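Report on the following structure.
Side-chain atoms are counted along with the backbone in the values below, which use heavy atoms only and exclude waters and symmetry mates. If you read the sequence from its start, that first residue is 1, and numbering goes on from there. The shown structure was predicted, so the numbers you read here are calculated from the model rather than taken from an experiment.
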Amino acid sequence: MTIILKCLNCKTEYPADAVRYRCDCGGLLDVRHDLDALRPQVSRALFDGRAAAAPAPHPSPLTDSGVWRYRELILPASETDIISRREGNTTLYHHPRLSEYVGVGEFFAKHEGENPTGSFKDRGMTVGTTQAKRIGARAVACASTGNTSASLAAYAAMAGMPALVFIPAGKIAAGKLSQALAYGAKTLQIDGDFDDAMTLVEKVCNRLGVYLLNSLNPFRLEGQKAIVFEILQGFGWNPPDWIVLPAGNLGNTAAFGKALFEARELGLIDRLPRIASVQAVGASPFYQSFKTDFREHVTMKAETIATAIRIGNPVSYERAVRTLAWTNGLVASVTDDEIMDAKAMVDGAGIGCEPASAASVAGTRKLVRQGIIHPDDTVVSILTGNLLKDPGATVAYHTGEWQNARLANAPVQVNADVDSVQRVIERVI
Ligand SMILES: *Cc1c(COP(=O)(O)O)cnc(C)c1O
Ligand SMILES: [Zn+2]
């Protein structure tokens, strides 16, 4: 294989088919590609040609999937091993009302909620389950705030592999739980929060030889790099000034930096956008560490309406610190009220997203107000998950259960007669 696993910390190398998620020293692992060998093989034209290929009667993930189109930069798997659901190819929205809201003319929102199970996790999971198949894993597992388990359950079902998901009891949005159950994953509700479930699943996987597919697993992150490759390709390989994303376990923050670094090394781009990772105030360990210039590694008990980023001890911490160093990046934090109002703006524009996703929009707005992002910058924010993932949060916001909803669209009780309906309608149109 042309790839290896390498410890971020002590630089020890392991073969790519090793079943391990950390170095013996405890450090995180990277998938390392042989960039010198790749340089003559990959080019803008190669990827542009695949993107433009006409759909064939027997579609290939190389042309159809927004992940496997970049296979050389992700995982050199043979086509017969690839478990793909045409992930990626997500819309880059541009909407005047959102531009005005954040204060940036060239503001774009890339909607990862359009992936097969409704979140960007599918980009990582198509690669993770493909790697599981390649190494002959007998089962796959994850701990999850919801979307990872939904995605794992679906891809494992497609591959015919048993799936185990560990979720914090009572702390997972209805849409996500329903997916894990529906796709047939064995679902274990843990008495504790996400961080407890994460610690537990790592121990269980090591003891039982089950393949762990959290973003601790470096192959997951290789797939998530494709979000960045698609953005770069969508902009004709002329990078935006900023990429703004929600940050929980920091897998995406890690993947984005690695993608940008490699794209520049391979000559696909000649400068890097700045990465801004956005956390919820109540789940902001990375923001607080950033504030100390990473002299302190802060962890905390996390609480936020945005359950997908309700994480107090993010796994990919060191990888994410590296991303900020590579991209001159930064971390911001926003309140739950700011998140929910930004979500109402995204939803009201007809686009729609789940609460965590809106942190990227709220964060952009805040960074513009602080004078860090300039109104004439080009900004891409990542909408990480679909509106339907968390109906509870949306309904609470619009029905008065959410205290400070500035953009609530409450349902109206009306008598079942035409006069009453007319009185209501005349107020609106
Ligand atoms: C997983 C997830 C996040 C957090 O991403 P990390 O890579 O863990 O930082 C944000 N939003 C949504 C919708 C998610 O599913
Ligand atoms: Zn090590």
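Thr130 places a side-chain N or O within donor-acceptor distance of the main-chain N or O of Thr126, the cut-off being under 3.5 Å. For the pair His33 (side chain) and Leu73 (backbone), a donor-acceptor distance under 3.5 Å is present. Listed for the Asp195 side chain is a donor-acceptor partner under 3.5 Å among the backbone atoms of Asn313. Of the possible donor and acceptor atoms, one in the side chain of Arg20 sits under 3.5 Å from a partner among the backbone N and O of Arg22. Here the side chain of Lys343 pairs a donor or acceptor atom with the backbone of Cys353 at under 3.5 angstrom. Under a 3.5 Å cut-off, the side chain of Asn386 and the backbone N or O of Leu388 do form a donor-acceptor pair. Thr90 places no side-chain N or O within donor-acceptor distance of the main-chain N or O of Glu112, the cut-off being under 3.5 Å. Between the side chain of Thr253 and the backbone N or O of Leu250, no donor-acceptor pair lies under 3.5 Å. A donor-acceptor pair is defined here as one N or O able to donate and one able to accept, closer than 3.5 Å; such a pair exists between the side chain of Gln279 and the backbone of Tyr287. The closest donor-acceptor contact from the side chain of Gln233 to the backbone of Phe47 lies under 3.5 Å.
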- Residue pair Glu87, Tyr155: steps toward the side chain to side chain donor-acceptor pair (under 3.5 Å) verdict: CA-CA 11 Å; Glu87 42 290 316; Tyr155 279 84; 2.5 Å; yes
- Query: How far apart are the C-alpha atoms of Asp34 and Thr2, what are their side-chain angles, what is the distance that settles it, and do they pass the side chain to side chain donor-acceptor pair (under 3.5 Å) test?
  - Reply: CA-CA 6 Å; Asp34 184 345; Thr2 56; over 6 Å; no
- Item | Working for salt bridge (Lys or Arg N to Asp or Glu O under 4.0 Å), residues Glu354 and Lys176 | CA-CA 11 Å; Glu354 69 166 282; Lys176 307 176 187 184; 2.7 Å; yes
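Nearest heavy atom pair, residue Pro314 against residue Pro285, reads CD-CG, 3.6 Å. In plain terms, the two heavy atoms of Leu213 and Met125 that are nearest each other are O-CE, 3.7 Å.
Atom-to-atom distance recorded for Ile372:CD1 and Leu367:CG is 5.0 Å, nearest 0.5 angstrom. Rounding to the nearest 0.5 Å gives a distance of 5.5 Å between OG of Ser277 and CG of Leu324. The distance from atom CZ of Phe286 to atom CD1 of Ile309, rounded to the nearest 0.5 Å, is 13.5 Å. Remark: Ser84 OG to Glu79 CD distance equals 9.5 Å, nearest 0.5 Å. Note that the CZ atom of Phe261 and the CG atom of Leu272 stand 9.0 Å from one another [nearest 0.5 Å].
Taking the side chain as every heavy atom from C-beta outward, Ser360 and Leu383 approach each other to under 4.5 Å. Arg123 has its side chain within reach of Ile227: a pair of non-hydrogen atoms, C-beta onward, lies under 4.5 Å apart. By the 4.5 Å heavy-atom criterion applied to side chains, Leu188 and Val165 are not counted as neighbours.
Note on Lys258 versus Glu262: salt bridge recorded, some NZ/NE/NH1/NH2 to OD/OE distance being below 4.0 Å. Using a cut-off of 4.0 Å between Lys/Arg side-chain N and Asp/Glu carboxylate O, Glu296 and Lys291 are scored as not salt-bridged. Using a 4.0 Å cut-off between charged side-chain N and carboxylate O, Arg50 and Glu72 make a salt bridge.
If you look at Phe107 and His94, their ring centroids are not closer than 6.0 Å. For an aromatic pair to be called close, the ring centres must be under 6.0 Å apart, and Phe219 with Tyr21 fails this.
The cationic group of Arg310 does not satisfy the cation-pi geometry with Phe194, failing either the under 6.0 Å distance to the six-membered ring centre or the 45° limit from the ring axis.
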